[in-house]
Amino acid sequence: MDRLASMEVFAKVADLGSFAAAADAADISAAMVGKHVRQLEEHLGVRLLNRTTRRQSLTDAGRDFLDRTRIVLAELEAAEAIAADSRARPRGELRINAPVSFGTYSLSPLLPAYMAENPEVTVRLTLSDRVVDLIDEGYDCIFRAGPLHDSSLIARGLRPLNLIPCASPAYLERHGRPRHPSDLARHACLGFSGSALEERWTFHGDEGEVVVPIGSRFSANSGHALRQAALAGMGVIHHAEELLADDLASGRLVRVLAVWRSERPLHILYAPDRRITPKLRSFLDFTTARFSRERGS
């Protein structure tokens, strides 16, 4: 006999107080209810119910077993709900937050494909370079650039952002081209305020990791503002490749330190909810497939 089925019947007897009431609720005979309970008692080697002609009451062992039974049945219900959700079509509004440059140049171009695959999902994308609160601000998921600090959120690692140091031809003509990351200490560096990139830039090369403290006469919490400053010849910008690609291709900005690599971690975060909705699951799978580390830049 199915032990889980017997546990469900036992819980019904405990809740309803009699074999007859449990039989009606489970749509089986009272004799079958009794058989389920006896099978459990024989398996456990203890009496679970005190039986009278009209009503059953729990023994001490029965009360303890009922507590654990409720936990098992609740977990079973949750597992079945997850399985049901996985079969359901993604639908409803999906609220996403992402950094401005990444959201504009990397994420937004892919959203039409996601929405075509999931026609019953509507997307509300908010772009912001500040650290948002997923729970308080009601987002389904957020993208976060930079090292993660302690968080109660679940994070999936994505392909890191490729950072490019560059400057305008006019700036380089006046101040010279840095040949080594340490040379940046003598240059005007455009720092991204509110992040570690306002104070230090990290590079990797044949020498290993080199961390360079920078001085920012001009800093901003917007990649677009820093780009405009770089185009105006105000200094060296160190930002995501997606933001700078057109300027580099046109020659408006010139890459420096090309043999050095610089990356910034990127994650997608969501709340640790045991029941992830189909719309969120579909977006997490879509995003991690397109921005996986293995795909490269």
Inset, instruction - Without swapping roles, check the side chain of Ser108 against the backbone of Tyr105 for a donor-acceptor pair under 3.5 Å. - result: no

Inset, instruction - For the pair Glu173 (side chain) and Pro169 (backbone), establish whether a donor and an acceptor sit closer than 3.5 Å, ignoring hydrogens and angles. - result: no

Legend entry - Heavy-atom donor-acceptor pair, Glu242 side chain to Phe102 backbone, under 3.5 Å: no

Inset, instruction - Indicate yes or no for a side-chain donor-acceptor contact from Ser219 to the backbone of Phe192 under 3.5 Å, with no hydrogens or angles considered. - result: no

Inset, instruction - Using atom types as modelled and distance alone, determine if a side-chain donor or acceptor of Lys12 lies under 3.5 Å from a backbone N or O of Ala26. - result: no

Inset, instruction - Could you point out which residue of Arg227, His239, His224 forms a side chain to side chain donor-acceptor pair (under 3.5 Å) with Ser101? - result: His239

Inset, instruction - Kindly say whether Ser193 contributes a backbone atom to a donor-acceptor pair with the side chain of Asn221 at under 3.5 angstrom? - result: no

Inset, instruction - Starting from the C-alpha separation in whole Å, work towards a yes-or-no answer on side-chain contact (heavy atoms from CB on, under 4.5 Å) for Leu172 and Val254. - result: CA-CA 9 Å; Leu172 294 176; Val254 177; 3.8 Å; yes

Legend entry - Side-chain donor or acceptor of Arg217 paired with backbone N/O of Cys189 under 3.5 Å: no

Legend entry - Ring-face cation of Arg95 near Tyr139 (centre distance under 6.0 Å, axis angle within 45°): yes

Inset, instruction - For the pair Ser250 (side chain) and Asp247 (backbone), establish whether a donor and an acceptor sit closer than 3.5 Å, ignoring hydrogens and angles. - result: yes

Legend entry - Pairing residues for Tyr114 by the ring pair (Phe, Tyr, Trp, His ring centres under 6.0 Å) criterion, not counting sequence neighbours: Phe283, Phe286

Inset, instruction - Can you tell me which residue pairs pass the salt bridge (charged side-chain N to carboxylate O under 4.0 Å, His left out) test with a partner in residues 132-144, sequence neighbours excluded? - result: Arg130-Glu137

Legend entry - His180, His204, His238 screened by ring-ring contact (aromatic ring centres under 6.0 Å, His included) with Trp260, the one that passes: His180

Inset, instruction - Please answer whether the main-chain N or O of Leu58 pairs with a side-chain N or O of Arg63 as donor and acceptor at a distance below 3.5 Å. - result: yes

